[in-house]
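In what follows, every chain begins at residue 1, and chains take the letters A, B, ... in the order their sequences are listed.
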Protein chains: 2
Amino acid sequence: MNQLTENIARIVRLEDHELKALNSVITSREVDKKEFLLRPGQVCKATIFVVKGCLRSYYLKDGEYQILEFAVDNWWIGDLKSFLRQTPSELFVDALEPTQVLRIKYSKLELLYEEIPKLERFFRILMENALVAHQERIMHTHTLSARQRYEMFTAKYPNFYHSIPQKDIANYLGITPEYLSTIRNPNSH
Amino acid sequence: MNQLTENIARIVRLEDHELKALNSVITSREVDKKEFLLRPGQVCKATIFVVKGCLRSYYLKDGEYQILEFAVDNWWIGDLKSFLRQTPSELFVDALEPTQVLRIKYSKLELLYEEIPKLERFFRILMENALVAHQERIMHTHTLSARQRYEMFTAKYPNFYHSIPQKDIANYLGITPEYLSTIRNPNSH
DNA sequence: GGAAGAAATTAAGATACCTTAAGAAATCAA
DNA sequence: TTGATTTCTTAAGGTATCTTAATTTCTTCC
């Protein structure tokens with residue numbers, strides 16, 4: 001068992017032979033800080049699970065970068081659209097710190113779904129939960145001020161937010177680093 | 001076959017007996033304009049599929065309503081979080097026009113997943129696609145101006161946007177109806 | 001078909017957040 | 001450790017979008 005299969009086993013019960021089949025398609029990798037796992041134009045061939053560390057995904061629009069999401073311990077990342085359709089990605093994925101990841105290739109996962117129907121269930125539930133989180137994020141951007149969104153962020157990632165550069169947090173929240181700085185200044189309250 | 005099973009059959013091939021089992025848990029219903037299918041506090045007991053018409057989901061924050069999404073022909077709606085966890089909802093779901101819907105109860109769907117593994121695949125894929133759409137919506141709110149988001153909206157719902165009140169489109173886009181009005185004014189270009 | 005209500009428009013003043021810029025602090029590389 | 005680079009802070013002026021409010025247009029419903 002590794003951290004990924006443990007995560008799966010928390011949702012669906014896998015038989016020994018299923019665990020074995022699953023483990024045979026998981027590859028491990030250490031990612032250096034600032035190293036890229038995906039760049040625009042490449043097809044996202046594998047889905048990435050973070051064992052320990054922090055990755056981010058972002059894209060370029062009019063020369064500016066925009067972060068889509070962070071992935072910390074026990075979460076998944078990649079370019080979902082590119083992965084699902086095996087089409088060229090529009091996202092960068094890189095590491096904010098030295099990070100250990102596990103990966104499953106698209107081609108292997110497709111076969112595995114046939115072999116292990118419970119894996120299909122796991123990913124259905126994973127996608128459902130991710131969708132709920134995205135809906136909540138959309139609600140927060142519509143209903144909360146920049147300051148409130150920052151407070152939500154620090155509450156959601158209490159162990160991580162100090163190791164993510166402030167300008168990246170600001171970018172993720174959709175504000176400028178200068179404005180985040182004024183928000184954080186206690187005199188601004 | 002109905003419009004829902006046709007939609008499913010486009011993604012996964014169902015045997016006759018599976019179709020039959022599926023159809024036995026689908027209930028049909030006409031919804032009047034302004035009629036509610038869900039209110040905060042209620043548990044979202046069924047997932048809703050729109051055959052024809054238009055529903056919306058929204059919530060109240062500080063006395064203001066905020067639309068989360070619209071569902072038009074061939075799309076699904078509800079309070080996903082409430083549905084998945086069978087906990088009290090925070091959302092309203094109501095009809096913007098007379099709408100025909102099909103519904104599947106949570107309790108029935110849970111059983112059906114055991115009986116028809118292909119249904120699990122269908123919903124995995126449905127959730128994946130919805131997640132991609134939500135990611136794109138988040139990217140657009142961060143990268144596009146209000147005017148560009150409005151143009152995306154009319155391009156995405158060419159057959160529907162004129163039947164949705166402008167104030168609701170504005171609300172969905174996260175702007176005021178007054179501002180949408182000035183954006184739409186050709187003199188503002 | 002007309003009255004009452006709701007939605008859309010227009011405009012003026014207000015505000016949250018942005019841009020630019022410069023200095024201070026932290027991090028990185030050698 | 002030190003110099004170079006990146007990040008963070010502070011502040012002043014600017015812009016997209018909001019608020020309020022008044023007017024017009026569109027719906028609803030009896």
Novice: Tell me: CG of B/Asp168 to P of C/dA6, nearest whole Å?
Specialist: 14 Å

Novice: Does the cation-pi check pass for A/Arg39 over A/Phe36, that is, NZ or CZ under 6.0 Å from the six-membered ring centre and within 45° of its axis?
Specialist: yes

Novice: Give the rounded distance in Å between these two atoms: NZ of A/Lys167 and P of C/dT27.
Specialist: 14 Å

Novice: Round to the nearest Å and state the distance from A/His162 atom NE2 to C/dT27 atom P.
Specialist: 13 Å

Novice: Identify, between A/Ser145 and B/Pro165, the residue whose nearest nucleotide on DNA chain C lies closer to the 5' end.
Specialist: B/Pro165

Novice: To the nearest angstrom, how far is B/His142 atom NE2 from C/dC18 atom P?
Specialist: 10 Å

Novice: Taking for each residue the nucleotide of DNA chain D bearing the nearest heavy atom, is the 5' side occupied by B/Arg149 or by A/Leu180?
Specialist: A/Leu180

Novice: Is it true that, when you exclude A/Met139 itself, more than 12 heavy atoms of the residues, nucleotides or ligands shown sit nearer than 6.0 Å to its CE?
Specialist: yes

Novice: Over how many whole Å does the gap from B/Arg184 atom CZ to C/dA8 atom P extend?
Specialist: 8 Å

Novice: Will you find, in the side chains of B/Thr5 and B/Asn2, an N or O donor that is under 3.5 Å from an N or O acceptor?
Specialist: yes

Novice: Do you know the tightest heavy-atom contact between A/Lys33 and A/Leu96?
Specialist: CE-O, 3.3 Å

Novice: Taking B/Asp32 for the side chain and B/Glu35 for the main chain, is one N or O donor matched with an acceptor at less than 3.5 Å?
Specialist: no

Novice: Would you mind listing every salt bridge (charged side-chain N to carboxylate O under 4.0 Å, His left out) that reaches into residues 121-143 of chain A, with sequence neighbours excluded?
Specialist: A/Arg121-B/Glu114, A/Arg121-B/Glu120, A/Arg124-A/Glu128, A/Arg124-B/Glu120, A/Glu136-B/Lys81

Novice: Take the protein atom NZ of A/Lys33 and the nucleotide atom C1' of C/dT27, then report the distance between them rounded to whole Å.
Specialist: 8 Å

Novice: Check the phosphate of C/dT9 against B/Asn185, side-chain N and O only, distance under 4.0 Å to OP1 or OP2. Yes or no?
Specialist: no

Novice: Using heavy-atom distances to pick each residue's nearest nucleotide on DNA chain C, tell me which of B/Glu178 and A/Gly174 is more 5'.
Specialist: B/Glu178

Novice: Just checking B/Lys34: base, sugar-phosphate only, or nothing, at a heavy-atom cut-off of under 4.0 Å?
Specialist: nothing

Novice: What is the first contacted nucleotide of DNA chain D and what is the last, in 5' to 3' order, if contact means an atom lying under 4.0 angstrom from a heavy atom of chain B?
Specialist: D/dA16 to D/dT28

Novice: Counting the benzene-type ring for Trp, do A/Tyr59 and A/Phe92 have ring centres under 6.0 Å apart?
Specialist: no

